[in-house]
Amino acid sequence: MNKDSKITICACASRTFIDKEKVALLATAASEAGYDVEVVSDLCELCQDKDEKVHEIAKTTIVACYKKAVKSLMAFVDEEDCKSLDLRSGNFESILEKLDIKLVPTSADSKWVNKIASFKKKLGEDAWYPAIDKDLCAECGKCYEFCPFGVYEMVEDRVRVVNPRNCKNNCPACARSCPSGAIVFAKYDRSPINGGEEIQELAVKQGTKEVYGASLREKLAQRREGVKLRK
């Protein structure tokens, strides 16, 4: 890989899936190897906000979550051809090899350690929303019909995530309703919903009708509580 390449590393500041010490060490090693490195707090949030920065990030090598998750996230902002490396699986040596980094410092540069430590943690409030794997999506609209929060819309017979902030944090229920397995929640803790290849979701037995009903009841309760507070 060209040493003039730019690298963007997602620290996933509000979650523990990405090892922050390895992020700092990788940023240090890559910088010393001649790469132009940037570490961002939360790639999901940048994509959710459709920040102009993501289009520059799309031109770099993205080191973040599972490749399927990154691909789906970037497709959400209409960036289809992105290079990414998977830091979430924990195979640090593989990333170093792919970046042709042979010398790894024994400790991370304080510049990167301090930057990562400065990222604000938004526990329970960080960016959480579905991204769609376009290679798998059959445009059946089941997610649109299922979601009570208006996250999805059907646009010219194609399903789209249009209101990502409406999504209930840590709820992946719509992904379980998808017959194609096309819905990805990058921050979910189990695969394949988080884009990982290992099947860990077998223990989930909750029916979609039950999830839908519970979600709708909670939303109505929140609305009623809001009305009370305004009185």
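Not measured: the values here are computed from a predicted model.
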Margin query: Are Lys115 and Val40 packed together at the side-chain level, in the sense that at least one heavy-atom pair is separated by less than 4.5 angstrom?
Written below: no

Check: Within a reach of under 6.0 Å around CD of Glu80, are more than 12 heavy atoms found that belong to other residues, nucleotides or ligands?
Finding: yes

Notebook entry, point to check: Would you say Lys67's side chain and Lys83's backbone share a donor-acceptor pair under 3.5 angstrom?
Noted result: no

Enumerate, atom names and distances included, each donor-acceptor pair closer than 3.5 Å involving a side-chain atom of residues 21-30, sequence neighbours excluded.
from	atom 1	to	atom 2	distance (Å)
Thr28	OG1	Ala24	O	2.8
Thr28	OG1	Asp109	N	2.8

Notebook entry, point to check: Is Trp128 close to Lys122 at the side-chain level, that is, under 4.5 Å between some pair of heavy atoms?
Noted result: no

Next item on the list: Evaluate the criterion side chain to side chain contact (heavy atoms under 4.5 Å, CB included) for residue pair Asn194 and Asp189; output intermediate values, then yes/no.
Entry: CA-CA 7 Å; Asn194 58 20; Asp189 61 352; 5.8 Å; no

Next item on the list: Assess whether side chain to side chain contact (heavy atoms under 4.5 Å, CB included) is satisfied between Val63 and Lys98, documenting all intermediate values.
Entry: CA-CA 11 Å; Val63 184; Lys98 288 175 181 176; over 6 Å; no

Note to self: I need the Lys121 NZ to Ser41 OG distance, nearest 0.5 Å.
What the structure shows: 8.5 Å

Note to self: Just to verify, what does Tyr129 make a ring pair (Phe, Tyr, Trp, His ring centres under 6.0 Å) with, not counting sequence neighbours?
What the structure shows: Phe76

Checklist line | Cluster link Val39 to Val113, ILVMFWY, side chain under 4.5 Å | finding: no

Next item on the list: Dump the intermediate steps for side chain to side chain contact (heavy atoms under 4.5 Å, CB included) on Arg160 and Ile132, then the final yes or no.
Entry: CA-CA 8 Å; Arg160 293 289 181 269; Ile132 299 173; 5.8 Å; no

Next item on the list: Check the pair Cys174 / Val151 against side chain to side chain contact (heavy atoms under 4.5 Å, CB included), numbers first and verdict last.
Entry: CA-CA 10 Å; Cys174 61; Val151 173; over 6 Å; no

Next item on the list: Indicate yes or no: at least one non-hydrogen side-chain atom of Glu139 is less than 4.5 angstrom from one of Lys134.
Entry: no

Next item on the list: Please report the closest heavy-atom contact between Asn163 and Gly150, naming both atoms and the distance.
Entry: ND2-O, 2.9 Å

Item checked: Check: Lys102 and Asp100 side chains under 4.5 Å, non-hydrogen atoms -> yes

Note to self: One pair to check against salt bridge (charged side-chain N to carboxylate O under 4.0 Å, His left out): Lys59 and Glu56. What are the steps and the verdict?
What the structure shows: CA-CA 5 Å; Lys59 300 173 185 177; Glu56 291 303 313; 3.3 Å; yes

Check: Who passes side-chain hydrogen bond (donor to acceptor under 3.5 Å, both in side chains) against Asp135, sequence neighbours left out?
Finding: Lys71

Note to self: Just so I know, are the side chains of Cys167 and Pro130 near enough to count as touching, which here means a heavy-atom distance under 4.5 Å?
What the structure shows: yes

Margin query: I'd like to know if the side chain of Thr60 and the backbone of Ile57 have a donor-acceptor N/O pair within less than 3.5 Å.
Written below: yes

Margin query: Count I, L, V, M, F, W, Y as connected when their side-chain heavy atoms are under 4.5 Å apart, and connections chain through other members. Are Val162 and Phe146 then in the same cluster?
Written below: no

Note to self: Regarding Thr61 and Ser5, do their side chains bring together a donor and an acceptor under 3.5 Å, going by distance alone?
What the structure shows: no

Check: What residues form a side-chain hydrogen bond (donor to acceptor under 3.5 Å, both in side chains) with Gln48, not counting sequence neighbours?
Finding: none

Next item on the list: Measure the shortest side-chain to side-chain distance between Ser180 and Cys140 over non-hydrogen atoms and say whether it is less than 4.5 angstrom.
Entry: no

Note to self: Could you measure the distance from the CG atom of Leu46 to the SG atom of Cys10? Nearest 0.5 Å is fine.
What the structure shows: 8.0 Å

Check: Is Ile9 reachable from Phe17 through a run of I, L, V, M, F, W or Y residues, each pair having side-chain heavy atoms under 4.5 Å apart?
Finding: no

Margin query: Can you list everything that forms a ring pair (Phe, Tyr, Trp, His ring centres under 6.0 Å) with Tyr152? Sequence neighbours excluded, please.
Written below: none

Would you give me the side-chain donor-acceptor pairs under 3.5 Å for residues 85-92, sequence neighbours excluded?
from	atom 1	to	atom 2	distance (Å)
Asp86	OD1	Arg88	N	2.9
Asp86	OD1	Ser89	N	3.1
Asp86	OD2	Ser89	OG	3.0
Arg88	NH1	Ala186	O	2.5
Arg88	NH2	Tyr188	O	2.6
Asn91	OD1	Ser94	N	3.1

Next item on the list: Identify the heavy atoms of Asp126 and Asn169 that sit nearest to each other, and give their distance.
Entry: O-ND2, 2.9 Å

Checklist line | Closest heavy-atom pair and its distance - Ser177, Cys143 | finding: OG-CA, 4.4 Å

Notebook entry, point to check: Can you tell me how far the CD1 atom of Ile7 sits from the CD1 atom of Ile62, to the nearest 0.5 Å?
Noted result: 11.5 Å

Check: Measuring from Trp112:CH2 to Glu38:CD, what's the distance to the nearest 0.5 Å?
Finding: 8.0 Å

Item checked: Nearest-0.5 Å distance that lies between atom SG in Cys12 and atom CZ in Phe119 -> 11.5 Å

Checklist line | SB check Arg165 Asp49 (cutoff 4.0 Å) | finding: yes

Notebook entry, point to check: Side-chain contact, heavy-atom cut-off 4.5 Å: Met74 with Cys47?
Noted result: yes

Notebook entry, point to check: Does Leu136 share a hydrophobic cluster with Val159, counting links as ILVMFWY side-chain heavy atoms below 4.5 Å and allowing steps through other members?
Noted result: no

Check: When rounded to the nearest 0.5 angstrom, what distance separates NE2 in His55 from CG in Asp78?
Finding: 7.5 Å

Checklist line | Side-chain touch Lys68/Val184, heavy atoms, less than 4.5 angstrom | finding: yes

Notebook entry, point to check: Just wondering, more than 12 heavy atoms not from Leu103 lying within 6.0 Å of its CG?
Noted result: no

